[in-house]
Amino acid sequence: MHSIPRALPSLADHITIILSSNNLFRLKQLHQIHTQLLINGCVTSTSLLTDFLTSCYRSQKHQQYPLLFLQNLPKPDPFLWNSMVRVSIESENLQDFLGFYNGLRENNLVPNKSTISLILRSFASLCATHLGESFHCQILKMGFVSEMVLQTGLLDFYAKVGDLASAKMVFDEMPERDVVANNAMISALGKHGCIEEAQSLFDSMLERNSCSWNSMITCYCKLGRIDSARQIFDCNPVRDVVSWNAIIDGYCKLEQLMNAEELFFRMGSAKNSVTWNTMIAGYVQSKEFGRAICAFQQMQSESVKPTEVTMVSLLSACAHLGALDMGEWIHAYIRRKKFRVDVVLGNALIDMYCKCGSIEAALDVFYGLRVKNIFCWNSIIVGLGMYGYGKEAIDVFISMEKESIKPDGVTFVGLLSGCSHSGLMSAGRRYFSQMSSLYGVVPGIEHYGCMVDLLGRAGFLEEALELIKTMPMKPNSVVWGSLLRACQVHKDTKVSEQVTRYLLELDPCDGGNYVFLSNLYASLNRWDDVKICRRLMIERGVRKTPGCSSIEVDNIVHEFVAGDASHPDFTQINVFLDEIEKKLKGHGHKPDTASVLHDIDDEEKEIIIRYHSERIAVAFGLMNTPPGKAIRVVKNLRTCNDCHSALKLISKVFKREIIVRDRNRFHQFSNGSCSCKDYW
DNA sequence: GTAGGGTTAG
């Protein structure tokens with residue numbers, strides 16, 4: 001009689017202690033509780049138990065435990081089962097979800113309404129079309145037919161997975177439609193571009209709330225019809241913060257930042273975190289990375305709480321800028337604020353670390369992610385390839401296969417370019433031939449591009465040319481460019497001329513092609529052809545993209561454009577560049593001027609090369625960072641031969657690791673050599 | 001219910 005009351009508080013205390021100490025890793029204690037609970041016939045408070053089981057599940061160490069526990073209960077508990085179904089689907093773990101869901105059904109229980117809603121929403125966001133469809137059938141069998149909330153959930157599910165026909169069917173079958181259902185249908189129609197139908201449904205509605213208006217704004221924005229969207233925004237009688245956010249986003253998506261900002265500033269203190277996120281994302285989409293970071297600082301000074309979404313945009317900005325310090329700061333901020341690192345944020349971190357030159361940190365994040373989607377796998381495969389870790393990229397691909405993730409076109413771009421950067425000929429050939437036969441991914445022009453690059457670099461110029469001639473699509477300038485580059489590396493001038501003519505025809509506006517061609521002629525001392533090239537550029541109004549390099553020092557990104565003297569420290573940098581040059585010459589460096597466009601004398605050429613933007617950025621880095629700290633530079637173009645060999649030497653002479661991200665890949669210079677093994 | 005985020009060959 002009194003043995004149970006005595007056992008109960010101690011049991012509850014036990015759970016509370018474990019929960020509060022955050023120590024869920026003691027299996028022994030778990031078993032103890034488990035046994036006691038079974039003996040007691042589960043009389044502990046359900047909410048405490050729910051906390052306990054969900055914490056177990058979230059702790060990652062004993063994820064299998066809650067299922068075991070529930071299966072062993074003498075009497076099935078609908079609340080506990082429902083909770084676990086919700087927790088597992090919330091963490092986007094379909095396998096666990098199915099385990100709990102099937103367990104629930106096997107115990108003759110039914111999911112409750114809120115569980116069903118959540119499942120439908122999760123299926124929608126996971127695009128789990130088939131699961132959603134079969135779930136729909138089950139809901140019908142369980143007799144939830146006339147529940148308006150669930151029908152709206154179904155409607156929303158079909159809308160999100162892109163099945164407009166089913167959405168319409170659910171909608172038509174609804175005995176009555178409230179404003180919520182109508183709104184869901186409007187947004188479904190809008191997503192499929194059926195704007196006329198959406199508009200007429202909107203016009204026919206007797207009751208409209210702010211969501212109805214906002215859905216219409218979004219519909220027009222999604223179609224790029226910003227003027228119609230603005231009209232609705234302007235005459236919306238129930239304008240709320242969402243209306244503002246929607247229209248601002250519409251402008252951002254069209255890169256009309258001025259219009260977006262005008263509204264943004266007009267909002268004053270009515271801005272919420274979504275408004276800020278929209279604007280920050282807008283800056284990032286328009287490649288205004290610095291302004292994105294400024295906006296974030298302002299957001300903080302106005303005490304608006306940043307969210308996971310803010311972090312994703314900021315990380316993307318860092319990735320583009322190559323701002324590792326800033327990226328690391330954001331990562332620390334994410335940890336400090338205990339933001340949930342889901343697949344999207346996780347991928348943003350992986351991408352940031354990859355693009356900022358810290359592949360180790362990228363791998364850490366990657367392996368730390370419990371749920372990975374195709375984007376995460378692709379990011380890390382592409383990343384490894386960019387560093388010249390082709391073998392490792394293949395290893396990751398193999399484990400991706402083991403986890404039954406189906407590779408897509410991007411995966412193969414990463415894999416093939418990785419093989420190309422590492423000179424893995426046979427692996428590259430094998431994956432190229434397998435991608436359609438074994439994996440069902442039809443090679444696109446980008447995959448042919450990778451193969452041309454792979455073959456060309458390895459010196460199989462004829463085979464590369466043959467591939468271009470037989471490929472099922474018209475070769476573009478990238479493909480010809482790869483071959484041309486290969487011709488240059490292998491000093492083949494026979495194929496080059498033929499290729500260049502195609503190139504200029506295909507892409508008469510790309511300044512890079514002219515420069516390349518001109519340099520090729522220059523290296524052969526064919527100065528008349530150089531002149532023709534330059535004249536063509538002037539005639540066609542094509543300009544060489546100026547080389548631009550950036551380096552982050554103390555959280556500020558400094559940009560240097562080749563030959564540009566506008567940086568405030570320019571004079572000092574210049575003096576230092578002279579010093580570097582002297583030291584390099586002392587170590588036997590001979591300037592290689594082949595990449596200089598102009599027909600000018602050698603001394604002048606050397607000066608032009610010395611002012612290549614990456615050299616300025618590296619000099620600036622050497623001057624402004626403590627000894628031993630790695631120097632990380634991001635360049636918009638490909639590094640020239642001279643800079644490449646100079647940087648190798650600088651890394652040795654100044655005892656600094658230098659990491660340069662150029663247009664194609666990473667170069668890790670250390671103690672006189674480069675990670676690309678001069679194969680780039 | 002409405003708003004915000006990620007990978008792609010030279």
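Numbered from 1 within each chain, the chains take letters A, B, ... in sequence-line order.
Between the CG atom of A:L315 and the C1' atom of B:dT7 there is a distance of 15 Å, given to the nearest Å. The distance between atom CD of A:E446 and atom P of B:dT8, rounded to the nearest whole Å, is 12 Å. Rounded to whole Å, atom C1' of B:dG10 lies 9 Å from atom CZ of A:R485. For A:Y431 and B:dT8, the OH to C1' distance is 19 Å, given to the nearest whole Å. A straight line from CG of A:D351 to C1' of B:dT8 spans 11 Å, rounded to a whole angstrom. For A:I248 and B:dT2, the CD1 to P distance is 19 Å, given to the nearest whole Å. Between the C1' atom of B:dA9 and the CG atom of A:L467 lies a distance of 13 Å, rounded to the nearest Å. In this entry the distance linking OH of A:Y353 with P of B:dG6 reads 19 Å, nearest Å.
Among the nucleotides B:dG1, B:dT7, B:dG6, the one closest to the side chain of A:N378 is B:dT7. Among B:dG5, B:dG6, B:dA9, the nucleotide with an atom closest to any side-chain atom of A:V478 is B:dA9. Here the nucleotide nearest the side chain of A:C211, chosen from B:dG6, B:dT2, B:dA9, is B:dT2. Residue A:Q285 places its side chain closer to B:dG5 than to any other of B:dG10, B:dA9, B:dG5. Ranking B:dA9, B:dG5, B:dG1 by closeness to the A:V180 side chain, first place goes to B:dG1. If you check B:dT2, B:dT8, B:dG5 against the side chain of A:V242, the one that comes closest is B:dT2. Minimum atom distance to the side chain of A:A281 is reached by B:dG5, of the listed B:dG6, B:dA9, B:dG5. The side chain of A:S313 sits closest to B:dG5 out of B:dT7, B:dG5, B:dA9. Considering only side-chain atoms of A:T218, the nucleotide from B:dG10, B:dT2, B:dG1 that sits closest is B:dT2. The A:S379 side chain lies nearest to B:dT7 when the options are B:dT7, B:dG10, B:dG6.
Contact annotation: side chain of A:D342 to base of B:dG5, donor-acceptor pair present below 3.5 Å. Judged by distance alone with a 3.5 Å cut-off, no donor-acceptor contact links the side chain of A:N182 to the base of B:dG1. Between the base of B:dG1 and the side chain of A:N209 there is a donor-acceptor pair shorter than 3.5 Å.
Classification of A:E463 and A:R429 as a salt-bridged pair holds, one side-chain N sitting under 4.0 Å from a carboxylate O. A salt bridge between A:K168 and A:E197 is present, with a side-chain N of the basic residue lying under 4.0 Å from a carboxylate O of the acidic one. A salt bridge links A:R291 to A:E261: one of the charged nitrogens lies within less than 4.0 Å of a carboxylate oxygen.
Using bins of under 30°, 30° to 60° and over 60° for the plane-to-plane angle, the ring pair A:F296/A:Y333 lands in the perpendicular bin.
Around atom CD of A:E302, more than 12 heavy atoms belonging to other residues, nucleotides or ligands sit under 6.0 Å away.
Between A:K253 and the phosphate of B:dG5, there is a side-chain N or O to OP1/OP2 separation shorter than 4.0 Å. Between A:H421 and B:dG10 there is a side-chain N or O to OP1 or OP2 distance below 4.0 Å. An OP1 or OP2 oxygen of B:dG1 is reached within less than 4.0 angstrom by no side-chain nitrogen or oxygen of A:T152. OP1 or OP2 of B:dT8 lies within a sub-4.0 Å distance of a side-chain N or O belonging to A:K355.
Closest approach of A:R340 and A:L345 over heavy atoms only: O-CD2, 3.6 Å. Heavy atoms only, all atoms of each residue included: A:F289 and A:A317 are closest at CD2-CA, 3.8 Å.
Heavy atoms of A:D178 sit nowhere under 4.0 angstrom from any nucleic acid atom. Counting non-hydrogen atoms under 4.0 angstrom, A:I445 reaches a base of the nucleic acid. Looking at heavy-atom distances under 4.0 Å, A:T307 makes contact with a base. Using a 4.0 Å heavy-atom cutoff across all strands shown, A:D408 reaches no nucleic acid atom at all. Nucleic acid contact class of A:V344 (heavy atoms, under 4.0 Å, all strands): base.
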